[in-house]
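One structure below.
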Amino acid sequence: MPTGIFGASWSLAAAFSLSVLLECFLSPENLADLSLAAFEAVVCATPGFRPRLGQHEMAACVAATLARADLGEHPTPIKAIAVIQAGTGVGKSAAYASTAVALALERKTRVLISTATVALQEQLMTKDLPALAQTMDKPFVFALAKGRGRYVCKLKLERLVGNGGAPEDLFDADDDAPKPQKFGSVLSQEEAEERRIQLYESMATLLATNSWDGDRDTLADAPDPRDWAGVAAERHTCTVRHCPRFRDCSYYEARTRLAEANVIVANHDLVLASLGMKTLPELDSCLVIFDEGHHLPAVALDQFSSSMDMSNLRWLDKLPKIVGEVSSALHIHAGEDVATVTSQLKGALTQLARMAMDLVWEQTGKNPDGGGQDGTLRFAHGVLPEELTEPVSQIHAQALGLSKALEALGLEVKAVAKEDPSQATQCAQLYAKMGALAPRLNGVVSTASLLLEHGAQPLAKWLQAESEHGYLTMTAHACPIVPGDLLRQFLWSQVRGVVLTSASLTSCGSFDYFLHEAGLINNPNVQALEVASPFDYHRQGTLTVVHTTADPKQADAYTREMVGELMQDLTQVETGALVLFTSRAQMRVATEALPASLMEVVLVQGTQSRARLLGSHMARVESGLPSVIFGMQSFGEGLDLPGKLCDTVFITKLPFAPPSEPVDEARAEWLRSVGRDPFNELVIPATGIKLLQWTGRAIRTENDHAAVICYDKRLQLQSYGRRMLAGLPPYRLLQRKNGRII
């Protein structure tokens, strides 16, 4: 068995030749040893490598977990799941990537690495995996998986270029959306068309000259989403092998590269959206890594939620026209009386929108004639009001009938293309027109179905009225409220060998909250491991809790006092600092209170793009000037500002997120109804994880020295605050009162 970073496992790797390994039966223990040996060989070959016991401990856990899992067809397969919190500086990606890749190559399978952010995907694709490929003994191929909609449909593009860039029918399915903006003003129709024509012609030229691979993300300038929607390679608009451009399709060329890859990098959304779709490797036949795993529960809720727009219904007017065009062109009978049912559906949705608006304005006190029309109405306990039940039932029946008719017609279109290849181009174009309607129609079906559903565990159901750019929209929403149930049913039932890792999986020193949220609590196949950061937090940093006179629950008085303390502290900043706020209102008060001497020092989130703001911050610090970033939650996670770029983190208030979103409210309501306490079960642990992330912005390397200053005295005075404190890195703890450290 391996004994250390330079120990027996190195000899083990050298002792067996490939021919001997192929002839031997490799037990899980042998496989784990071999993959751990590969990890050690890789890290030893890395320039500037220094042994990290935590990284080795994590690699050993990954190796043992993935080696133990049965893959492929087994009557009673062994499953193995590792949940690993690895503190900042452990080197997670090196620990899991080298180990999992070596194991996959030995087991003749593949590795699927899923992340939550583009930044980590880019790190894996441009840094970590290329470096690993150069140092591993066995070659491997890696590729990035993206959703179909990130690639251009060449057939759509050709048609639009041929029409002078003018969208036809369903190629412009989102024409009810807010109009495109230009420097804060709405583009004229002529300007929008001119921009669109230029974009399509330039894309066609790039494709014709082999200067572009059809991937939206590799274009020099990001296209407007409305323009891209007209040429995106969506599933519902694709006839696959029946399309005349199938052999040189950008998306299917990317799929071919995926099929040839040993390692596939994807994101959580794509993994969950692709379940059962065969877009990615079958999860029971490959090794799976979920990095940034703390995002998985939220992604699951988003994937299984549904909504329908009851206001913008012009797309429905196109349905009978398109169906008639397809039927006439290909001499196919559409079946149901599409025109009549479509008219009925539009009428029912219009009626429901009026009823919904009346309910929202009645319950929220909004006045449709007095402005301020935005409002949200959640249905208590997931019970749809009686007066809405019949209209929603009609909508469900009508939309379901149309969906089935459209699906049947689509199958006939594909059959024509198969039987008569000379009509393939026409069939593909007609299919695309029909298919562009499918997402909206399916959204109506699924939302209506969920609104009518009633079970022991209620769904979150709500109406949303919103006004933007002069448009008023009314949407209906429905969503499950317990992400763990969804993940248990749809994800963990499929995977065999999986590792979930992140720097923030524990809350208040325990994995319980995450395991509940992820649907892994009490799962006998789960092993949880906390790997400590190699940083010496007690020596490298301090955590100062400021005791204000005002109670943090007294929002106005507390904010005034906190902002006063903050302004004094900011005058002491000499390099880089980060101030994290819990609300935009709080950040606005602080911004307005900035004295003239700090106006040039502070950069505020939202005033410019994230990349430009961080670039300005880095440039100022590197030139020897102080720079302070004002930011909110998105700046409290994943922001990497080592050294002088951030030697102080100011936390303005404990980042409580009281249930205010409809899903959170519904879940808290349900917990109370069954005698449970949502504050203790949800709010405190969720806040503990955020606080762990926020304080983690301070020290990013073994050479950093930084201070964290929290103005919320509840962190020390309240029992829940002390629970959160126990789950934070072991900074040297200080207390400040009346401007003095005590």
Side-chain angles (χ1 to χ4, degrees), residues 87-89 503-504 506-509 532-548 552 558 562-563 565-582 586-587 590 602 605 617 621 626-656 687-718 720-737 739-742:
T88 306
S504 51
T506 64
S507 177
C508 307
S533 167
F535 304 157
D536 185 348
Y537 284 96
H538 190 77
R539 179 184 61 83
Q540 293 178 248
T542 59
L543 170 56
T544 301
V545 180
V546 178
H547 286 241
T548 58
Y558 172 78
M562 178 274 295
V563 168
E565 295 264 5
L566 175 64
M567 294 301 120
Q568 289 294 322
D569 289 336
L570 291 182
T571 63
Q572 306 302 311
V573 172
E574 297 180 352
T575 54
L578 175 64
V579 184
L580 294 170
F581 295 90
T582 56
Q586 191 187 58
M587 186 166 71
V602 174
Q605 179 183 358
H617 175 75
V621 174
S627 182
V628 178
I629 296 174
F630 277 13
M632 296 178 59
Q633 168 60 27
S634 62
F635 276 56
E637 177 187 356
L639 198 62
D640 190 16
L641 297 172
K644 292 184 178 181
L645 292 176
C646 183
D647 60 14
T648 311
V649 174
F650 300 96
I651 297 175
T652 58
K653 200 174 187 179
L654 290 180
F656 283 111
T687 306
I689 286 182
K690 281 187 182 179
L691 198 61
L692 177 61
Q693 293 166 345
W694 286 22
T695 57
R697 299 310 100 207
I699 294 178
R700 308 300 299 170
T701 76
E702 295 176 355
N703 299 318
D704 284 359
H705 288 80
V708 178
I709 299 176
C710 177
Y711 297 96
D712 197 327
K713 61 186 177 182
R714 292 175 295 181
L715 189 59
Q716 281 187 311
L717 299 185
Q718 297 292 337
Y720 59 75
R722 293 191 291 273
R723 281 172 55 195
M724 296 178 197
L725 192 59
L728 299 181
Y731 291 101
R732 185 159 49 93
L733 187 62
L734 303 175
Q735 180 177 319
R736 192 174 88 192
K737 193 171 185 179
R740 297 174 53 195
I741 299 296
I742 57 175

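We count residues from 1, following the sequence as given.
Under the 3.5 Å distance criterion, the side-chain polar atoms of Asp712 are matched with a main-chain donor or acceptor of Leu654. Without hydrogens or angle criteria, Asp647 side chain to Lys644 main chain gives no donor-acceptor distance under 3.5 Å. Between the Arg697 side chain and the Leu639 main chain, a donor and an acceptor come within less than 3.5 Å of each other. A donor-acceptor pair under 3.5 Å is absent between the side-chain atoms of Gln605 and the main chain of Ile629, judged by distance alone.
Contact check for Ser507 versus Leu692: no side-chain heavy atoms found under the 4.5 Å cut-off. Side-chain contact between Thr695 and Val649: absent, with no pair of heavy atoms (C-beta onward) separated by less than 4.5 Å.
Residue Ile709 holds its CD1 atom at 7.0 Å from OG1 of Thr542, rounded to the nearest 0.5 Å. Rounded to the nearest 0.5 Å, atoms NE2 (His617) and CG (Leu641) are 5.0 Å apart.
The aromatic ring centres of Phe635 and Phe581 sit 6.0 Å or more apart.
Salt-bridge check for Asp640 with Arg700: passed, with a basic side-chain N closer than 4.0 Å to an acidic carboxylate O. Using a cutoff of 4.0 Å between basic side-chain nitrogens and carboxylate oxygens, Glu565 and Arg736 are scored as salt-bridged.
Donor-acceptor pairing under 3.5 Å is lacking for the side chains of Glu637 and Ser504.
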**OP:** Take Phe650 and Phe630 through the ring-ring contact (aromatic ring centres under 6.0 Å, His included) test and state the conclusion after the steps.
**Re:** CA-CA 9 Å; Phe650 300 96; Phe630 277 13; 9.1 Å; no

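In this structure, Tyr537 and Tyr731 have perpendicular ring planes: the angle between them is above 60°, well past the 30° mark.
Leu717 meets the side-chain contact (heavy atoms from CB on, under 4.5 Å) test with His547, Lys713; sequence neighbours excluded.
Pairs passing the ring pair (Phe, Tyr, Trp, His ring centres under 6.0 Å) check and including a residue from residues 688-707, sequence neighbours excluded, do not occur.
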